[in-house]
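The structure under discussion appears below in the form of structure tokens.
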Amino acid sequence: MTVSLDDWQKKMERHFAALAERRAASGFPLFALEHGLDDGALEEIAEQLRARLNTGLRLAPHWLLWTIYAAERGYTYEGGEYWQSFEDVTPGWDSRDRYRVTAWFSKFQSTYNGVVPSGPWASHFSIIAWPITHAVLPRYLQQQFARTLYDLRFTLARLTTIKPAVIGRLIASNVYYASTRFEQFLQQEELVGRIVLALLHQDPREGEEPLLPATLNRIVADLEQMRHARGWLREASRVVADRFKGIGRGAAPRTFGDGQDSVERRLQATRPDIRPDLRLRYAGDGRWTLVIDVPNFKAIAALNSDIQQFLRQTRSKLNGDDVRRPAGWVLSGNRRAVLKAWPDPSRPLISFETSNGVVDHLLESECRMSPGPIWLFRIGADGIAREIVSRLMRPGYDYILASPDEFEDLQDGMTGCAIECSDICAIRVSVPSDVSGAYMQWLRIRNLELARTIRVWPAGLPGRNWDGEGRSEWLTTEKPCFGIVPDHPVKSYRVTLDDDAAATFPAGEPGQPTFIQLPQLAAGTYRLNVKAHRSAALDELAAPPSHEGFLELRIREPEPWIPGTTSHVGLVVTCNPHDATLDVFWENELDLTVFGPEGRQVTPHVSLEDAKGEEIYSAQVCPPMDLPILPEIWEKRFQEFLRQQHAEWRYLEAASGLLTIEGQELGRFVVRFDHDALPVRWVLRHQGEAVALRLVDDTGQEDAEPKCRFFSMETPTRIERLDAGRALAGFDVQSPGGLFIVQHGKFRDLVIVSTGLSGSGLEGLGVHPVYARIADSPKSIIKHMRILRYWKSARLAGFLANARRGQVVVGLTTRLYGALAGRDWGRAEAAFMRSSDREKGFDHLQSLLDHRGGFPSVLRRDALSIEGGRRAIAGWYADLAARYGVCSDQALCSLAVDIASRPHEVPRLYRDRLPGLLKRIMTKPLLLRGARIVALSHACEGNRPAELLPRWE
């Protein structure tokens, strides 16, 4: 017998009321997914709800059933578009009804103490945050969640408290392999902590169940159906179960203390190890490259939420490199870089763009290189030279010595070499077996020591990053083991750890090793003192004093293998930005650098995955590439790949992408790119020859409509308004397409859709833009600069989208320069872009710099000799303009260089100052024309195709 919706509503009201009363003592909130219904009951309710919807009857009387229905859609949807999947299974649903969902979940929260979505993701996606949060752990996140618990199982097992907020913050701070959506989910720290307790602490006390057992069993059953997830979850549960049972959790959830006192206590308890490692990698022909390997700053991020946000949102810079690393780089999976200048030992190796008291203190005290003025590196069997902080050298080994001063009076076995850094000199030293007195004196003058007495090395499981002379790295799950062997008679060894725990071990015969093993140690840096005691007979002979040495042990938490990284230092791969989205990667805006041994090759591969994590596209980018790979080389190869493959629609279907750099024995490096969904966004579908565009608005701002605008490819500067209702319902894009912009509050999405032909024959492949005249006024110029930025920053979709955008951008840019520097100049630049004779084009542009004296010829002659990026070029250009009487105002010269190199960014950079500056610069057309000569010289450097704008950092 079918149960009516009214009866189901009453039954669910009684169920949640009883559950809320039972859970009141623990303070755990309720989830709408905790309905306790089986699949048959859920389907019966869903069919009746859909039937009622199609008859046009009121939905409000069964609000609780609709809440359950929406939570079920949140649990089963696959990570694509929530509302699209909701409407696919709910015929007759009007997109405007989505605001009712928020009201239903709010009522559930106030009536039954339901969970409230939290974190930045929830505030941005304020509508879908409700059903997805109340789905507890949606299926599309379950495999990532199980993998994360597995990776962090040992860290979880060492917790001294199991408060949900503490566990959630631990997970969020230490997750390694995560999609963008999973990272957003982890921002709900209290919720994440509760799910961990439910999954791993499956023996709750009376009245303290975080989840209804039936709901928990359902999630576990679904997890066990997934590949790998079952094993990960069981192993994580095995490791932490006994520990969790022995920890009290308190009656009600409490917030983790984030006060300054708490931070100071934790800093005193253990100092985070954030000292980067410096290494030299052989580059061939006697040259070495300086590589810096930065530790993960997760230990600092875990101090409190403010520091975590600071590290996630603040850009950083390396000492020895002018490139600004994107926000969050120190928390990313790839923190290795090549330095072009020798670091200044008086400054920390890392600095941040803004100040934070705790982080600054740690950088000053813990993040420095050794003071020098001479640095010692020992060349290992793998060809990598690692820094020896103890300054010990041994006969029979090879070293690199580095110093800002030239080395003089070189001894046997010492030869000159080069480190590819400015302001540093270097020699290679092969220490002979028999060292002369003069050799010893040479070392002693430079504060270097020749060790000949006792050798200590990691034994058993080898210590990571062992430098050969006393520094190694171990995990908190390991027991450090060392071997000690003397080359002279020794009676015993006294071993002391941090001047505290001490033990004495008997020594063997000379040449016979003695092995010692330490217990597992907590994370931190330890000092191990090893002192050799000789026999009494040797002491009576007044032999030299016993040897005493110090070993440094760096102990860290296990850092699981991250797809996209390799422990092999044969490959050094850097990406800028480090957290690039799939859009940035596919539009070829990623700066990729791959360093490795000279003469070796690597092969790049690309694959795309849908929201389920299933591969939908895979291809090799190009034949094997010679190392090193520089950004301009990669850009050219990837552009050729994009032109040949025509995989635009596969890209539009993808939720993530992978770039694999395959180096065979050099290692494999994989970079993951996720599609970064916005709260308000355009969604596209390819339907035969047509492209359907639809607006999705998850902002929850019911009192205001999103503003939609359109710029046609044929009239790229004319604004057309789009009806928000029509955009939400979806429509087909008319040929040849154009730029679509949506703005809702602080959120904005831009997409260029290209479709169909613009005419007959080959001409129909391109477009024929018609531009409105740009008035000679700052207001008109600023408006068109902003429109240019829209066209340049929008993501691309469809047939020949990149080529057609290029036509629009070139035409709009040359017209902007015509408005600022004169119509004749704008026409000359347009002709330059069309011409195949570059030198003739430059001659014509130079002829338009009507100036007595050598200003035009000096510009043409010296422009390419200036290195150092935009700032260095702006300084040089200001000096030149002043010297030749063109302009003595440095601010105007800097503006001229910015307009000449990045006109689309100028309104954002100068803001309120821009109108006044534009009025002044428009009276000096020669100043801007000269800056354009410089910019074009760099844009067309070498054999590059003619481009309008240079690629200065």
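Heavy-atom basis, side chains included; hydrogens, waters and symmetry copies ignored.
Here the shortest heavy-atom pairing between Pro404 and Pro373 reads CD-O, 3.2 Å. Contact between Arg275 and Ser370 at its shortest, heavy atoms only, is NH2-N, 3.5 Å. Of all heavy-atom pairs spanning Cys417 and Gly286, the tightest one is CB-O, 3.5 Å.
Remark: Phe482 pairs with Trp474 by the ring pair (Phe, Tyr, Trp, His ring centres under 6.0 Å) rule, at least two apart or across chains. With sequence neighbours left out, the salt bridge (Lys or Arg N to Asp or Glu O under 4.0 Å) criterion links Arg554 to Asp273, Asp277. Considering only residues two or more places apart in sequence or on other chains, Glu589 meets the salt bridge (Lys or Arg N to Asp or Glu O under 4.0 Å) condition with none of them. Every residue two or more places apart in sequence or in another chain was checked for a side-chain hydrogen bond (donor to acceptor under 3.5 Å, both in side chains) with Asn447, and none qualifies. Not counting sequence neighbours, Arg444 has no partner by the salt bridge (Lys or Arg N to Asp or Glu O under 4.0 Å) test. For Asp626, the side-chain hydrogen bond (donor to acceptor under 3.5 Å, both in side chains) partners two or more places apart in sequence, or in a different chain, are Gln601. Legend: residues meeting ring pair (Phe, Tyr, Trp, His ring centres under 6.0 Å) with Tyr282, ordered by chain and number and at least two apart, are Trp288. By the salt bridge (Lys or Arg N to Asp or Glu O under 4.0 Å) test, Arg861 pairs with no residue at all, sequence neighbours left out. Checked against side-chain hydrogen bond (donor to acceptor under 3.5 Å, both in side chains), Glu353 has the following partners two or more places apart in sequence or in another chain: Arg315. Scanning for side-chain contact (heavy atoms from CB on, under 4.5 Å) contacts around Asn588 gives Trp634, Glu635, Phe638, Gln639, Leu642, with sequence neighbours left out.
Among residue pairs with one or both ends in residues 373-392, those qualifying as ring-ring contact (aromatic ring centres under 6.0 Å, His included) are Trp342-Trp375; sequence neighbours excluded. Sorted pairs that involve residues 401-412 and meet side chain to side chain donor-acceptor pair (under 3.5 Å), not counting sequence neighbours, are lacking altogether.
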